[in-house]
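Order of the sequence lines sets the chain letters (A, B, ...), proteins ahead of strands, with each chain counted from 1.
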There are 2 protein chains.
Amino acid sequence: MFNSKSFLSLPKIYHNMAPKSKDASTEEKIKEAARIVFTQKGYSATRTRDIAEEAGINLALLNYYFRSKEKLFELVMAEKVAKLFGVIAPIVNNDKTSLEEKVALIVEAYIEMLSQNPGLPLFVLSEIRNNPEHFGNRMQAGKLLTDSYLVKQLKEKKPDIHPLHFIVNVLSMSIFPFIAKPVFESAGVMTSEQLDNFAEERKTLIVQWFKAMINS
Amino acid sequence: MFNSKSFLSLPKIYHNMAPKSKDASTEEKIKEAARIVFTQKGYSATRTRDIAEEAGINLALLNYYFRSKEKLFELVMAEKVAKLFGVIAPIVNNDKTSLEEKVALIVEAYIEMLSQNPGLPLFVLSEIRNNPEHFGNRMQAGKLLTDSYLVKQLKEKKPDIHPLHFIVNVLSMSIFPFIAKPVFESAGVMTSEQLDNFAEERKTLIVQWFKAMINS
DNA sequence: AATATTTTTAATCATTTGATTAAATCTTTT
DNA sequence: AAAAGATTTAATCAAATGATTAAAAATATT
């Protein structure tokens, strides 16, 4: 145990650091390249050489800074998961906002964020599909929703319909257009710019539709 | 030109064929294994050895019957795309059915089919993302929707809102739960069985909600 | 300036992976 | 039954790929 291979040298931090980024630190350049390539192609289709090229660095530097493709991926993935689910988390448990206010906030926040990160949902969802065990969030992220104030409000308004139906409706109507983006473009239904506009329109429309649904 | 390598022997068909399948032909066993593994892991994460193992055959047989991983994939992918988009195609251009009838038919058909093939949308969408050029459907599948009788009906009912909004609503509410399935399971929101029930409930609910939306 | 430390590079390794080959086995035709 | 043709197998290949190494270059410390 404790053979020499366990102690590969890692990048050390200088106490008197140079102005960190004249043009972004190597570490950050690699991370940013990894974000781009992983999100675009997924873990398996991504070659470490793709990331190195995108970052404009020598391949060995990737392993010098991040040890392995998998470690780098986990870093990026954690960020992306946080980004995707971080949108909804702070909204659903606010007991000061009404049901409709919450819906408006969720729709606005998701569409705004996804307009900047259209590939995010398809990336996160397909990677979780590829490796569900690894995201053993069991009973954590789930309960956050299930036991939320939002669910309580939905139950009060519509006791006969499971509250998850309405949550799924709002999320699906907000997120699905971005998931379908590759098809829209490939099939000539919409260009990327048209989707931006389409999504923008939906910010107010989905809130109206939700009201119609919940009052029907 | 025409060197011997161009003429790899391909499986020939006997004129007097043996009762083709005592237990499914080798070709079909491989195709079925490919359906399972490709759909579960995507093209890049799938090893031809995975497919061979799943099919219970020697690896070389895969190339004997299908020439290459890519050829086999294209076969499976074409099937899956046809399955995913074939659901909607025969419904949207029927000028005998009302708007609400069409919606009911689309919702019923999608939820029924996806209950049997829950991994289908995430698979097709992420593979199209990975390789959009290859699905250069430009102006074919797109126009089918854009110029459909369904679009005409939606325009008449709601001239001020782009008809695609309503189509996206119906499709998203029907399909999204299956796309999110890996997350639901991983986060402990729903089991696979609960999702089946949840989706079944939505068959009638989405139609009601659509009515509420279109009349709001 | 001299030394030590960190960062970067080019070359190389070991493994994985899609594919091929040649021989063996099985099936059909004659 | 013999010959011809099709299917299957084990062994192997070549390329791709994640990772490592040793030396060079750059930067910090003394």
**Prompt:** When all nucleic acid strands are considered with a 4.0 Å heavy-atom cut-off, which category describes A:L59: base, sugar-phosphate, or nothing?
**Reply:** base
**Message:** What contact category does B:T46 fall into here, base, sugar-phosphate, or nothing, at under 4.0 angstrom with non-hydrogen atoms?
**Reply:**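 Counting heavy atoms under 4.0 Å across all strands, the contact made by B:T46 is with sugar-phosphate only.
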Tell me the interatomic distance from [X], atom [atom1], to [N], atom [atom2], rounded to whole angstroms.
| X | N | atom1 | atom2 | result |
| --- | --- | --- | --- | --- |
| A:F73 | D:dA19 | CZ | P | 13 Å |
| B:E70 | D:dA16 | CD | P | 14 Å |
| A:E53 | D:dT17 | CD | P | 12 Å |
| A:E28 | C:dT7 | CD | C1' | 17 Å |
| A:N63 | C:dT9 | CG | P | 14 Å |
| B:R47 | D:dG18 | CZ | C1' | 12 Å |
| A:L72 | D:dA19 | CG | P | 10 Å |
| B:I30 | C:dA19 | CD1 | P | 13 Å |

Under a 4.0 Å threshold between the charged nitrogen and the carboxylate oxygen, would [Y] count as salt-bridged to [X]?
| X | Y | answer |
| --- | --- | --- |
| B:R47 | B:E53 | no |
| A:K31 | A:E27 | no |
| B:E74 | B:K71 | no |
| B:E32 | B:R35 | yes |

Considering just the side-chain nitrogens and oxygens of [X], establish if one lies under 4.0 Å of OP1 or OP2 belonging to [N].
| X | N | answer |
| --- | --- | --- |
| A:T48 | D:dG18 | yes |
| B:Y65 | D:dT8 | yes |
| B:R49 | C:dT17 | no |
| B:T26 | D:dT8 | yes |
| B:N58 | D:dT8 | no |

**Complete:** Of B:L62 and A:L61, the one whose nearest nucleotide on DNA chain C sits closer to the 5' end is A:L61
**Message:** Measuring from the side chain of B:A60 (C-beta onward, heavy atoms only), which nucleotide among C:dT6, D:dA19, C:dT21 has the closest atom?
**Reply:** C:dT21
**Message:** If you only use heavy atoms from C-beta on, which nucleotide in D:dT7, D:dA19, D:dT17 is closest to the side chain of A:S68?
**Reply:** D:dA19
**Message:** So that I know where these two stand, are B:F73 and B:F38 an aromatic pair - ring centroids less than 6.0 Å apart?
**Reply:** yes
